[in-house]
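Below is one structure, written out as structure tokens; comments come after it.
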Amino acid sequence: MSSRSSELEEKWQRRWYSSRIHEAEMDDRPKFMLIFAYPGVTGYLHVGHMRGYTYVDAIARYKRLEGFNVMFPVGTHATGNGAISLAARIARKDQKTIDYLCGNTCPLEMLDELKDPIKVVEFFNDVYVNQYWKRFGFLSDWRRFTSTINKDYQMFIRWQFRKLMQRGLLIQKPYFAPACVSHGPVAIDASETDIQCGGGAETVEYTLLKFKCDDMYLVAATLRPETVFGQTNFWVNPEADYVKVNVNGEVWVVSEAAFNKLTYQKDGLERLEELKGVDLIGKKCVAPMVHRDILTLPADFCDPNVGTGLVTSVPSDSPDDWISLRALQKDDATLLRFGLDPDDVRAIKPIAIIEMKGWSSLPAVEVTEKMGIEAPGDPRLEDAKKLVYKEGFHTGRMNETAGQYAGLPVMDAKERMKQVMLASGEADVMYDLSETVTCRCGEPVVIKRVDDQWFIDYANLEVTEAAKEQARSMDIFPAEYHTNIHAVLEWFRERACVRQGNWIGTRFPFDEKWIIEAISDSTLYPLYYAISKFANDGRLKAEQMTEEFFDLVVLDKGSFEKVSEVTGVSVELLHQIHDEVHYWYPLDMNLGGKEHMTVHFPAFLMNHVAILPPEMLPKGIFVNWYIVGKGGKISKSKGGAQPIPGAAEKYGVDALRLYYAHIASPFADVEWDNEAVESYTARTEKMERTLLDLMTLNGMPNEVDGWLISRMASRVLRVRDQMKGYDLRSLATEIYFEAFNDLRWYQRRGGSNAVTVARAMDMLLPLMMPITPHTAEELWESSGRNGMVSSAAFPQVKENDVDLAKERAEEYLKAMMNDANEILKVTGIKPSRIMLYTSATWKYRVMKMALDLSAKNELQIPTLTKAAMTDQEVRGHGKGASDYARKLAEEFMKRSASELERIGQSFDEHAFLSGCLDFLSEEYNCHVEVHVAGEPGTPDPQGKSRQAVPGRPAILVE
RNA sequence: GCGGGGAUAGCCAAGCUUGGUCAACGGCGCUAGAUUGAGGGUCUAGUCCUUAGUGGUCCAAGGGUUCAAAUCCCUUUCCCCGCACCA
């Protein structure tokens with residue numbers, strides 16, 4: 001089957017592309033422009049990635065049905081180091097990389113070429129377009145394809161940055177960034193493209209506390225500057241090597257390792273003499289902020305590689321400090337060895353400084369007791385520290401020892417006290433990595449100060465406000481993100497936008513040593529798709545895309561003649577480009593994965609708002625979640641990572657497209673599951689078979705024809721409604737499941753009319769086109785329709801197509817059959833005769849009374865009973881009548897008005913069932929008859945007919 | 001830490017914005033019957049309990065609002081995700 005589907009896919013793709021229906025040109029229709037956030041060129045993609053891309057193509061196709069002139073361009077994002085590192089791995093003949101490439105679709109003889117990163121990008125651009133997007137039948141305008149390392153694209157980015165500068169949004173200030181000591185800037189991320197290990201590391205900011213000690217400062221590093229009021233002593237590792245450093249005239253003492261790190265962060269450091277830790281023990285030093293003399297004591301837990309290798313001791317709140325202090329106080333031998341006065345040391349007591357809900361005033365003491373930690377070096381100290389720190393940070397408040405900071409929450413006091421100590425010169429700052437990071441070259445990665453780092457000022461109030469304002473009026477899906485994006489924009493701050501080092505991308509126009517970083521060159525780019533076509537077909541040269549050029553075609557600044565003169569682009573072409581830009585923009589929809597919510601989407605919005613006029617601002621954002629492998633990421637070993645072309649071959653493209661559209665809400669992760677995908681292959685085939693089958697029918701119309709038309713028409717209207725929110729899943733449910741069931745039922749009920757089937761197909765096939773375009777085209781063609789369904793219009797529905805009475809009647813029949821099945825199941829009878837009794841006429845009268853009373857808001861048990869009993873015909877039925885009235889009143893009083901309206905729409909049940917007798921006899925393979933309950937002479941051997949009520953016939957099986 | 005999302009029947013997964021048509025779409029799995037030379041596939045029915053059908057209990061747990069709650073409110077427990085020089 002799959003080879004057949006591959007053939008069909010190829011056939012229709014060839015037709016679409018050769019008839020050029022995918023190419024977007026201006027005309028007088030309303031336009032709709034949508035993109036997916038282009039993927040980074042980092043290697044082969046897997047089936048999970050196609051989810052979002054497929055949504056975009058399906059939405060694009062749906063918008064075509066609605067009569068929009070749709071622009072759906074694609075591109076790739078090649079900025080960064082992905083291609084470089086891949087090329088490097090190929091160059092050094094890394095076997096894993098070679099297996100990976102050749103195991104996919106890379107021919108062996110390509111490898112040599114791929115040592116060049118640019119070739120890597122070109123290679124994957126081709127893979128993405130031809131093996132993924134065209135393979136899936138996307139109606140994208142391929143002529144507009146662009147990639148971020150293209151010369152012309154880069155001209156656009158340089159222009160964008162000029163505009164940001166003119167808007168005052170580029171700022172320069174020092175920055176502390178990870179860098180290899182020999183290679184310069186590197187990226188630390190979990191995928192570890194730049195580095196060998198340490199992908200999980202974070203940059204941490206230590207506060208350096210300076211303790212005056214003789215003519216030098218002992219410098220401790222802490223993450224908890226707010227605890228200075230609880231300092232009781234100072235820790236030195238007696239075994240470690242320390243070094244005296246001249247820092248702008250002050251003499252600091254730090255570990256050898258810390259000195260190395262500081263050299264990347266501070267200027268003018270001068271290394272003086274070395275010291276042994278042991279030499280620093282037993283001294284007095286002055287604690288910052290509190291200005292108390294405290295004693296320097298030995299502690300093994302001071303790691304010279306962490307912070308400065310010197311630690312201030314706060315035994316009240318630091319489990320390490322408390323345990324070490326207590327151990328030392330009991331350890332006469334050590335006290336003696338370091339010549340410490342035991343009385344002095346034993347006099348040290350923790351000082352309570354922070355109040356925490358549910359904790360004693362000395363949390364470090366409490367937590368170590370609870371956990372039974374006795375000795376320094378206990379691995380559980382790490383947990384104890386985390387626990388106390390976390391609790392303290394959130395629930396803690398400074399107590400009265402904190403003087404002017406008393407009563408402040410810890411999280412506020414921390415920052416305030418740090419700032420005060422920095423201002424007074426008692427403290428400084430040092431950055432470090434939370435774990436060891438090693439560069440690909442083997443050298444360590446450190447935090448390095450960059451003095452002239454450029455940032456985009458996303459904290460800018462005016463732009464932030466404008467972006468928030470714009471977001472309010474946009475279509476943003478899911479709705480939660482529409483709400484949340486305001487907080488994200490608020491939280492968005494300056495972002496380093498250029499970098500140096502091993503990186504491909506666009507040169508920063510104001511200083512060519514910088515290369516624009518990967519997020520920053522992909523924010524305004526959708527606009528460029530309106531222009532890329534002209535660069536791609538050679539009519540426009542990259543060097544002609546000057547600032548004046550973009551100012552003119554995008555911002556309407558300057559004159560066509562003048563720009564033509566300067567750039568050599570003809571006035572006509574300038575007009576054409578200008579008009580295209582303004583025809584296609586604004587962007588109607590930008591779709592991207594959930595990872596973009598806190599980075600790309602806010603940056604995308606801010607850049608648009610900062611640079612473009614209001615009428616060109618984006619109108620929609622759609623966020624999609626992922627397809628994941630079992631237990632998280634898709635991985636080769638677990639079977640989800642199959643290459644896209646392979647999956648297309650195996651399951652069929654339409655089945656995959658239906659799978660993406662229907663398997664779950666776009667706003668939830670989905671576990672890839674081969675069986676689930678197979679079921680969509682089966683579903684696609686069943687749908688096709690059923691429709692082909694129906695097309696062969698050529699019988700007379702009967703009572704179900706109107707029903708089928710009504711069902712189809714109702715579904716078309718519902719789809720139109722649901723697709724206002726781009727709800728592809730509902731579309732899939734309506735068409736591939738609900739309408740499918742309707743078609744089945746139509747056949748089962750004896751429907752066989754060619755005219756009816758043709759009308760149903762007119763409604764269904766166009767709505768199949770967005771999700772399963774190849775199947776829809778094939779059916780469109782084999783049913784003799786003209787042209788291609790991909791260019792068809794939205795199905796016409798006439799007002800009287802929908803006939804709710806017919807729909808209700810069939811529902812009634814199905815419900816009756818359910819009841820009958822239930823009885824047959826429970827009794828185990830194999831029926832020889834089935835008797836149906838529709839409700840006695842007087843019950844309809846009572847129901848009418850109940851509805852009337854309810855409409856007047858007067859429905860009560862007594863009012864209905866009374867009304868019923870004043871009616872001559874009803875009254876004749878005595879107790880049965882009053883019982884029914886009471887039951888009905890009880891039930892109706894619980895119902896809403898709309899429900900009652902639905903219930904109240906009765907039809908001639910007897911006539912309807914009479915028309916169904918042949919069908920029913922066939923279904924149950926026995927004689928079936930229908931009677932009206934209570935009519936004289938009605939055969940009713942078991943008295944079942946009394947149970948019949950309006951809408952629910954009584955049933956007797958024999 | 002900051003921010004966000006979730007918990008629905010054997011499994012996956014809709015519904016929750018706008019309470020009532022919800023015993024709760026759909027799919028998978030399972031059971032039975034039909035079809036087929038077996039198998040597979042396809043079709044039909046069933047798949048919480050109960051029952052000659054209009055009954056009961058249910059949507060993480062507990063409480064509340066309401067004539068009415070999977071849906072609204074509160075509390076608790078447990079899971080997951082994103083977070084800037086990574087795309």
Side-chain angles (χ1 to χ4, degrees), chain A residues 37-42 77 79-82 175 177-178 185-194 199 389-390 393-394 411 453 455 458 478-481 483-484 487-488 491-499 501 503 516-520 522 592-600 602-603 625-626 632 662-665 667-671 673 675-676 678-680 682-683 685-686 689 729-730 732-733 736-738 741 744 748 811 815-829 887 891 893-899 902-903 923 942 944 947 949 951-952 954-957:
Chain A
Y38 50 22
V41 185
T42 51
H77 186 260
T79 308
N81 55 13
Y175 183 62
V186 293
I188 295 183
D189 70 302
S191 60
E192 301 189 338
T193 46
D194 273 5
Y389 185 89
K390 197 175 155 185
F393 185 77
H394 288 287
M411 57 182 102
Q453 174 70 47
F455 294 80
Y458 289 124
E480 290 79 9
Y481 188 50
T483 314
N484 184 234
V488 177
W491 160 86
F492 220 51
R493 21 176 232 274
E494 301 98 352
R495 183 189 170 89
C497 62
V498 294
R499 55 168 291 156
W503 195 259
I516 293 167
E517 159 287 325
I519 302 298
S520 305
S522 51
K594 62 179 177 180
E595 78 277 19
H596 292 115
M597 286 197 288
T598 48
V599 184
H600 170 253
W625 267 238
Y626 302 150
H662 186 260
I663 186 71
S665 151
F667 318 124
D669 286 336
V670 170
E671 234 175 62
D673 172 0
E675 283 184 22
E678 279 161 18
S679 80
Y680 284 97
R683 172 64 51 173
E685 289 168 2
K686 278 196 269 192
R689 248 197 333 270
R729 187 175 196 271
S730 290
T733 301
Y736 299 91
F737 294 91
E738 303 288 351
N741 285 337
R744 280 268 176 70
R748 190 168 159 198
E811 287 312 306
M816 183 238 104
M817 289 172 73
N818 267 334
D819 278 347
N821 289 339
E822 180 80 10
I823 295 166
L824 292 174
K825 186 183 99 183
V826 169
T827 58
I829 295 173
K887 236 177 107 184
E891 196 197 324
M893 284 190 309
K894 282 195 212 160
R895 303 282 170 181
S896 66
S898 62
E899 271 184 295
R902 197 174 43 82
I903 294 168
E923 285 286 315
Q942 291 183 31
K944 294 281 180 202
Q947 295 174 3
V949 293
R952 189 154 200 179
I955 301 166
L956 169 66
V957 300

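Residue numbering restarts at 1 for every chain, and letters A, B, ... go by the order of the sequence lines.
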Please state the P separation for the pair B:rA60 and B:rA69 - nearest whole angstrom. 15 Å
Using the P atom on both, measure B:rC72 against B:rU18 and round to a whole Å. 9 Å
In whole Å, what is the span from the CD atom of A:Gln942 to the C1' atom of B:rA52? 9 Å
So what does A:Thr598 hit on the nucleic acid, given a heavy-atom distance under 4.0 Å: a base, only sugar-phosphate, or nothing? sugar-phosphate
How many whole angstroms separate atom CG of A:Asp669 from atom C1' of B:rC12? 14 Å
Taking pairing as Watson-Crick or G-U wobble with both contacts under 3.5 Å, can you name the mate of B:rG3, or confirm there isn't one? B:rC81
Taking the same atom, P, in B:rG40 and in B:rC30, what whole-Å distance lies between them? 10 Å
With rounding to the closest Å, how many angstrom separate the C1' atoms on B:rC59 and B:rC25? 15 Å
Need one value for A:Thr79: base, sugar-phosphate or nothing, where a base atom within 4.0 Å counts as base even if backbone is also close, heavy atoms only. sugar-phosphate
Yes or no on side-chain contact (heavy atoms from CB on, under 4.5 Å) for A:Glu517 and A:Arg495, after CA distance, side-chain angles and deciding distance? CA-CA 10 Å; A:Glu517 159 287 325; A:Arg495 183 189 170 89; 3.0 Å; yes
A:His77 (side chain) donor-acceptor with A:Ala37 (main chain) under 3.5 angstrom: no
Can you find an N or O donor on one side and an acceptor on the other, under 3.5 Å apart, linking the side chain of A:Glu822 with the base of B:rU51? yes
Pair partner, B:rA38 [Watson-Crick or wobble, under 3.5 Å]: none
Need one value for A:Gln947: base, sugar-phosphate or nothing, where a base atom within 4.0 Å counts as base even if backbone is also close, heavy atoms only. base
Short side-chain N/O contact from A:Arg744 to OP1 or OP2 of B:rU44, under 4.0 Å: yes
Go through it in stages, so that I can follow the logic: the residues are A:Arg683 and A:Phe737, the test is side-chain contact (heavy atoms from CB on, under 4.5 Å), and I'd like the CA-CA distance, side-chain angles, deciding distance and then a yes or no. CA-CA 9 Å; A:Arg683 172 64 51 173; A:Phe737 294 91; 3.2 Å; yes
Starting from C1' on B:rG26, measure out to CZ on A:Arg729 and report it in whole angstrom. 7 Å
Value in whole Å for how far the P atom of B:rC81 lies from CH2 of A:Trp625: 13 Å
For B:rC73 versus B:rG6, give the span between their P atoms, rounded off to a whole number of Å. 12 Å
What integer number of Å spans the C1' atoms of B:rG1 and B:rG10? 40 Å
Report which part of the nucleic acid A:Leu824 touches: base, sugar-phosphate, or nothing (heavy-atom distance under 4.0 Å, all strands). nothing
Take the protein atom CE of A:Met597 and the nucleotide atom P of B:rG5, then report the distance between them rounded to whole Å. 9 Å
Apply side-chain contact (heavy atoms from CB on, under 4.5 Å) to residues A:Gln453 and A:Glu494 and explain how you reach the verdict. CA-CA 11 Å; A:Gln453 174 70 47; A:Glu494 301 98 352; over 6 Å; no
Please give the distance between the P atoms of B:rC58 and B:rA24 as a whole number of Å. 16 Å
Whole-Å distance between B:rG53 C1' and A:Asn821 CG? 11 Å
Just to be sure I understand the rule, does A:Ala676 reach a base, reach only the sugar-phosphate, or reach nothing, if contact means heavy atoms closer than 4.0 Å? nothing
Taking only the P atom of each, what is the distance from B:rC11 to B:rG19 in whole angstrom? 30 Å
In whole angstroms, how far is the P atom of B:rG3 from the CG atom of A:Asn484? 10 Å
Need one value for A:Glu595: base, sugar-phosphate or nothing, where a base atom within 4.0 Å counts as base even if backbone is also close, heavy atoms only. base
Contact class for A:Arg683 (heavy atom, under 4.0 Å): base, sugar-phosphate, or nothing? sugar-phosphate
Which part of the nucleic acid, if any, lies within contact of A:Ser522, taking any heavy atom under 4.0 Å across all strands shown: a base, the sugar-phosphate backbone alone, or nothing? nothing
Using whole Å, report how far NE2 of A:His662 lies from P of B:rA13. 13 Å
